[in-house]
Engineer: 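Please find one structure pasted underneath; my questions will follow.
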Amino acid sequence: MIPNKLIEMDNVTIKFGGLLAIDNVSIHAYEGEILTIIGPNGAGKTTLFNILSGVYQPTSGEIRLKGKMVKNLTPHVLVEKGIARTFQNIRLFPMLTVLENVMLGHHCRNKEGMLGVLFHGRKVNEQRLKSITYCKQLLSIVGLDNQLEELASNLPYGKQRLLEIARALATECDVLLLDEPAAGMNTQERIELVKLIRSISKEMNKSIILIEHDLDLVMDISDRIVVLDYGCKIAEGSPLAIQNDPKVIEAYIGSSDEEGDDYAVI
């Protein structure tokens with residue numbers, strides 16, 4: 001049985017003045033798939049994420065979520081539609097607790113209304129209890145269920161990354177965009193992160209698109225890989241196919257920056 005395409009980007013281009021940042025790029029991600037976007041510095045990876053999450057609006061092309069057009073929608077509307085993301089630089093609410101951070105993520109699914117907020121009726125209280133239970137379950141999945149009342153700012157860096165993933169999941173998304181989720185993690189934390197991402201993809205049936213610089217992690221976790229270079233898609237395929245693609249090897253070996261050096265072993 002062929003899995004459903006959850007998100008599709010067809011012939012998308014974006015220009016900033018005279019700069020062509022993304023040039024006629026098409027990608028898609030299936031239900032339950034882990035798709036990784038790689039490329040040298042300046043390849044357009046973060047720009048691609050900003051388009052998918054509504055931060056940038058493409059100059060041309062189409063974007064569909066579950067077959068429906070979502071081009072030009074704002075970030076908060078896209079979250080309600082089913083696209084959530086984490087960021088390269090962690091963006092938590094540092095003075096809120098672990099549980100409160102995740103509950104903020106789930107707020108987009110609560111329909112309390114002004115009267116409910118003011119009068120705290122039975123239905124509102126039941127809904128809030130369900131929300132708390134749901135958020136606690138997500139924190140259990142990422143291994144933070146024993147730190148519910150800890151301030152987010154007091155968590156070690158690796159656990160802050162996990163908290164951001166839990167908050168994104170709390171939106172009840174179908175598509176999860178992870179921007180360098182392993183950045184700053186030690187070896188053991190990265191091993192646990194790989195297990196978590198696989199679980200989210202295969203057991204929760206989420207479509208995961210990630211940007212990641214750790215080549216070993218990329219090759220270990222990805223179902224498919226898309227390679228960008230100077231805003232263009234130069235390759236797409238399985239990890240093994242990407243490792244042996246001459247255009248990918250040339251793109252990375254030809255790069256003199258730090259990120260290119262990381263991938264020169266391809």
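If you're wondering where the values come from, they're calculated on a predicted model, not measured in any experiment. Throughout, residue positions are numbered sequentially from 1 according to the sequence presented.
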Engineer: With heavy-atom distances below 4.5 Å as the criterion, would you say the side chains of R224 and Y30 are in contact?
Structural biologist: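 R224 vs Y30: side chains touch.
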
Engineer: Under 3.5 Å, side chain of E189 to main-chain N/O of N186, donor-acceptor pair present?
Structural biologist: yes

Engineer: Hey, could you give me the OG1/CG distance between T36 and L178, rounded to the nearest 0.5 Å?
Structural biologist: 9.5 Å

Engineer: May I ask you to decide if N24's main-chain N or O and T13's side chain share a donor-acceptor pair within less than 3.5 Å?
Structural biologist: yes

Engineer: Test side chain to side chain contact (heavy atoms under 4.5 Å, CB included) on L151 and M95 and set out the steps.
Structural biologist: CA-CA 6 Å; L151 291 180; M95 300 313 295; 3.8 Å; yes

Engineer: As an exercise, state the distance from CG of D179 to CD of E212, rounded to the nearest 0.5 Å.
Structural biologist: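 Those atoms lie 9.0 Å apart.
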
Engineer: With heavy-atom distances below 4.5 Å as the criterion, would you say the side chains of L104 and E100 are in contact?
Structural biologist: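 SC-SC contact between L104 and E100 ruled out.
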
Engineer: Do K202 and D223 come within less than 4.5 Å of each other through their side chains, counting heavy atoms only?
Structural biologist: yes

Engineer: Would you check if I27 and L48 make a side-chain contact, meaning some heavy-atom pair closer than 4.5 Å?
Structural biologist: yes

Engineer: Do Y230 and D23 touch side chain to side chain, with heavy atoms closer than 4.5 Å?
Structural biologist: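 They are not in side-chain contact.
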
Engineer: Using the rule given for side chain to side chain contact (heavy atoms under 4.5 Å, CB included), can you reason through M204 versus L138, listing the C-alpha separation, both sets of side-chain angles and the distance that settles it, and then say yes or no?
Structural biologist: CA-CA 11 Å; M204 300 178 72; L138 292 176; 4.2 Å; yes

Engineer: Treating Ile, Leu, Val, Met, Phe, Trp and Tyr as nodes and any side-chain heavy-atom pair under 4.5 angstrom as an edge, say whether L176 and I83 lie in one connected cluster.
Structural biologist: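 Each belongs to a different hydrophobic cluster.
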
Engineer: Could you tell me if the side chain of D10 sits less than 4.5 Å from the side chain of R64, heavy atoms only?
Structural biologist: yes

Engineer: Output yes when a side-chain donor or acceptor of N4 lies under 3.5 Å from a complementary backbone atom of L6, and no otherwise.
Structural biologist: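 Judged by distance alone, no pair lies under 3.5 Å.
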
Engineer: Can any side-chain N or O of T133 pair as donor or acceptor with the backbone N or O of L129 at less than 3.5 Å?
Structural biologist: yes

Engineer: Determine the interplanar angle of the H106 and Y134 rings, folded into 0 to 90°, and report it as parallel if under 30°, tilted if 30 to 60°, perpendicular if over 60°.
Structural biologist: tilted

Engineer: Hey, what do you get for CD1 (I51) to CD1 (I63), rounding to the nearest 0.5 Å?
Structural biologist: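 Answer rounded to 0.5 Å: 6.5 Å.
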
Engineer: Could you tell me whether the side chain of S201 and the main chain of G32 form a donor-acceptor pair under 3.5 Å?
Structural biologist: yes

Engineer: Does some side-chain heavy atom of L193 sit less than 4.5 Å from a side-chain heavy atom of R161?
Structural biologist: no

Engineer: We want to know whether Q160 and E164 form a side-chain donor-acceptor pair, criterion being a heavy-atom distance below 3.5 angstrom.
Structural biologist: no

Engineer: So, do R167 and F93 sit near enough that their side-chain heavy atoms are less than 4.5 Å apart?
Structural biologist: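 A side-chain contact under 4.5 Å exists here.
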
Engineer: For the salt bridge (charged side-chain N to carboxylate O under 4.0 Å, His left out) test, which of K66, K68, K5 pairs with D174?
Structural biologist: K66

Engineer: If you take all heavy atoms of S26 and N11, which pair is closest and at what distance?
Structural biologist: OG-N, 2.7 Å

Engineer: If you apply the rule side chain to side chain contact (heavy atoms under 4.5 Å, CB included), what do you find for V142 with L196, and how did you get there?
Structural biologist: CA-CA 7 Å; V142 302; L196 173 62; 3.9 Å; yes

Engineer: Take atom NZ of K71 as the centre, draw a 6.0 Å sphere, and report whether it contains more than 12 heavy atoms from other residues, nucleotides or ligands.
Structural biologist: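 Check passes, neighbour count above 12.
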
Engineer: Distance check, rounded to the nearest 0.5 Å: I200 atom CD1 versus L169 atom CG?
Structural biologist: 4.5 Å

Engineer: Measuring from S207:OG to H28:NE2, what's the distance to the nearest 0.5 Å?
Structural biologist: 9.5 Å

Engineer: Given 3.5 Å as the limit, does a donor-acceptor pair link the side chain of K247 with the main chain of I234, or not?
Structural biologist: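 Between the backbone of I234 and the side chain of K247 there is a qualifying donor-acceptor contact (under 3.5 Å).
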
Engineer: What distance do M103 atom CE and I132 atom CD1 have between them, rounded to the nearest 0.5 Å?
Structural biologist: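 Those atoms lie 4.5 Å apart.
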
Engineer: Backbone N or O of C173 within a donor-acceptor pair of the K206 side chain at under 3.5 Å?
Structural biologist: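 Such a contact is found between K206 side chain and C173 backbone.
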
